[in-house]
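Remarks on the structure that follows.
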Amino acid sequence: MTTTTPAATLTGAPALAPLLARGALLSPLKRPRPDADFPRTRLVLPGLRIDLAKLAAYERVCGFATGADALPVTYPHVLGFPLAMRLMSGRDFPLPLLGLVHTSITVTRHAPMPATGTYELTVYVEGLAAHRRGTEASVVTEVRPGAAAGRGAASARGATGTAGVAGTAGVTGATGADPVWESRSTYLARHRTTAAHAPEEPSAEPPAPLPALAEWPLGGDVGRRYAAASGDRNPIHLHPLTARLFGFPRAIAHGMWTVARCLAVHGTPDAAAVRARFRAPVLLPGTVTYGAGDGRFEMRGGDGRRLHVSGEVAPYPAA
């Protein structure tokens, strides 16, 4: 499908560290509001190959079986995250990167994705919405089968500097193929709001606990191990001292690690729809309880009271 939205084709995956620094420096200048303008450009990264060593490290830290032929259902988020960060750290993105909270993700996997395949990524900001606690941005990631690897193939390892732009186009994906995987993440910037019409959360009452199936002790290095595998080295995940700078008593686990850890045990169909909502941070070190039942999953505190993440898995398309 064609679109008039401009697309910028990258020559490599952007390095995350400079983007985090840029976003942090620009954050005090941002004035978030739901009716603000936002970047309309779609970033496209063609010819992407998977770094199998990084993939294996990701599988180990998240609990997936290593060496499987297909990518874990959550791994394409890792591939697309540098492109999302390039958009969200830019001057034209209206929400401050500092304090931005990943609140939910929906994933649709249309078919298994071979780990040795070549792919094309497309990432764009879909829009802004009023939230009772501030403004929420929706960021979409799409993965399509890529052309055969060649001189233009990009590595999932990323570059040591900012990726260049090869050109612009007016199509959603350069290959013209339908996505094999797509996600929509919401990110919340908290601020004062008078938007009385902002949608309320479904319920202030947390859902009843699912049957507890496992208890997992988490070491203080979980954040650092996931950061090494994913490239997301946000300081709130790395060390108690850096986490305290942002108001946390200890380092916290990456939200996407909590989802991946649950799904590694729960399992997903080859064609699957996954929805997850991040409820509360997981402090490291600590102990969490995994629960599941009737296609739903959750991670709670060791005592079963505090809900950290909840979600559901279903075949796609739904029966």
Side-chain angles (χ1 to χ4, degrees), residues 1-27 29-48 76-98 100 102 105-108 118-129 135-147 152-156 158-189 231-232:
M1 183 177 68
T2 60
T3 177
T4 57
T5 303
T9 302
L10 305 182
T11 58
L16 280 169
L19 298 178
L20 281 169
R22 180 176 72 171
L25 290 173
L26 292 175
S27 287
L29 307 178
K30 302 297 180 73
R31 299 294 181 265
R33 65 181 196 276
D35 60 346
D37 196 13
F38 58 89
R40 312 287 172 153
T41 300
R42 297 174 179 235
L43 297 182
V44 179
L45 179 60
L48 180 68
H77 174 86
V78 171
L79 303 178
F81 189 64
L83 279 67
M85 281 293 299
R86 175 160 171 166
L87 292 170
M88 293 191 292
S89 65
R91 291 183 179 275
D92 53 352
F93 185 72
L95 309 186
L97 195 61
L98 287 182
L100 202 62
H102 194 181
I105 185 169
T106 61
V107 171
T108 302
T118 304
Y119 299 100
E120 176 188 277
L121 291 173
T122 301
V123 179
Y124 59 93
V125 179
E126 185 179 50
L128 305 178
T135 299
E136 202 166 54
S138 295
V139 179
V140 172
T141 300
E142 299 170 342
V143 185
R144 292 174 171 79
S155 168
T160 56
T162 302
V165 178
T168 59
V171 296
T172 299
T175 66
D178 292 330
V180 293
W181 187 99
E182 51 195 316
S183 74
R184 177 174 287 98
S185 284
T186 56
Y187 297 91
L188 173 65
D232 182 0

- Item | From Arg33 atom CZ to Leu128 atom CG, the distance as rounded to the nearest 0.5 Å | 9.5 Å

- Item | Arg42/Thr122 under side chain to side chain donor-acceptor pair (under 3.5 Å): CA gap, chis, key distance, verdict | CA-CA 6 Å; Arg42 297 174 179 235; Thr122 301; over 6 Å; no

- Query: If only atom types and distance count, is the side chain of Ser27 paired as donor or acceptor with the main-chain N or O of Leu97 below 3.5 Å?
  - Reply: yes

- Query: Is the shortest heavy-atom distance from the side chain of Glu142 to the side chain of Tyr124 under 4.5 Å?
  - Reply: yes

- Query: With a 3.5 Å cut-off and no angle check, do the side chains of Thr141 and His77 form a donor-acceptor pair?
  - Reply: no

- Query: Side chains of Pro96 and Pro32: does their closest heavy-atom pair fall under 4.5 Å?
  - Reply: yes

- Check whether any side-chain heavy atom of Arg86 lies under 4.5 Å from a side-chain heavy atom of Arg22, and answer yes or no. yes

- Task: For Leu16 and Phe81, run side chain to side chain contact (heavy atoms under 4.5 Å, CB included): C-alpha distance rounded to whole Å, both residues' side-chain angles, the deciding distance at 0.1 Å, then the answer.
- Result: CA-CA 9 Å; Leu16 280 169; Phe81 189 64; 4.0 Å; yes

- Note on the structure: In short, Ala137 meets Leu95 closest at the heavy-atom pair CB-CD1, 3.7 Å

- Message: Please determine whether side chain to side chain contact (heavy atoms under 4.5 Å, CB included) holds for the pair Glu182 and Val140, giving the CA-CA distance in whole Å, both sets of side-chain angles, and the decisive distance to 0.1 Å.
- Response: CA-CA 7 Å; Glu182 51 195 316; Val140 172; 5.6 Å; no

- Message: When you compare the side chain of Val143 with that of Leu79, does any pair of heavy atoms fall below 4.5 Å?
- Response: no

- Message: So does Pro46 get a backbone contact from the side chain of Arg144, meaning a donor-acceptor N/O pair under 3.5 Å?
- Response: no

- Query: Any cation-pi pair here, Arg91 with Phe93, using under 6.0 Å and within 45°?
  - Reply: no

- Flag the pair Val180 / Pro145 as yes when at least one side-chain heavy-atom distance between them is below 4.5 Å, and no otherwise. yes

- Task: May I have the step-by-step check of side chain to side chain contact (heavy atoms under 4.5 Å, CB included) for Val44 and Leu10, ending in yes or no?
- Result: CA-CA 6 Å; Val44 179; Leu10 305 182; over 6 Å; no

- Side chain proximity check, Glu126 to Val139, heavy atoms < 4.5 angstrom: no

- Which distance, rounded to the nearest 0.5 Å, do you find between the CG of Leu48 and the OH of Tyr119? 9.5 Å

- Query: Taking it one step at a time, do Leu87 and Val123 satisfy side chain to side chain contact (heavy atoms under 4.5 Å, CB included)?
  - Reply: CA-CA 9 Å; Leu87 292 170; Val123 179; 4.1 Å; yes

- Task: Go through the side-chain N and O atoms of Arg184 and Ser138 and say whether any donor and acceptor fall under 3.5 Å apart.
- Result: no

- Contact summary for Gly127 and Phe38, nearest pair of heavy atoms: CA-CZ, 3.7 Å

- Item | Over all atoms of both residues, closest heavy-atom pair of Asp37 and Pro94 | O-CG, 3.4 Å

- Message: Is any side-chain heavy atom of Pro14 closer than 4.5 Å to one of Leu83?
- Response: yes

- To the nearest 0.5 angstrom, please state how far the CD atom of Glu136 sits from the CG atom of Leu188. 5.5 Å

